[in-house]
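Counting from 1, the numbers follow the sequence of the chain as shown. FYI, side chains are in, hydrogens and waters are out, and symmetry mates aren't considered; it's all heavy atoms of this structure.
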Amino acid sequence: MNIQRQAGLGAFGAAAGIAVLFAVFVWWTMPGPGTGMDRTSAVVAWISVGGVAVALIAAHVLVARVLVKGGQDSEGGPREGGG
């Protein structure tokens with residue numbers, strides 16, 4: 001496996017990590033009886049942080065697809081000569 005493909009898979013992993021971090025953020029800011037945020041503030045926070053998360057995920061997936069595709073030849077197999 002060449003370094004370009006590994007970098008692409010790492011970018012996919014980073015995109016998944018960003019999605020998990022956003023899910024944890026939503027869980028952490030859920031309004032409840034003992035929390036300081038009301039429903040409106042929580043939704044505003046989710047939308048604002050979600051927009052940034054979506055942009056970061058989209059950028060990572062775009063770069064990952066280019067890197068993984070660049071590490072293959074036209075038939076979909078690994079390139080000759082390692083790069």
Would you list the atom pairs, donor with acceptor, under 3.5 Å between side chains in residues 48-64 and any protein atom, with sequence neighbours excluded?
from: S48; atom 1: OG; to: V44; atom 2: O; distance (Å): 3.1
from: S48; atom 1: OG; to: A45; atom 2: O; distance (Å): 3.0
from: H60; atom 1: ND1; to: L56; atom 2: O; distance (Å): 2.8

On a heavy-atom basis, the closest approach of L67 and Q4 is O-CG, 3.4 Å
The side chain to side chain contact (heavy atoms under 4.5 Å, CB included) partners of V26 (sequence neighbours excluded) come to F22, M30, W46
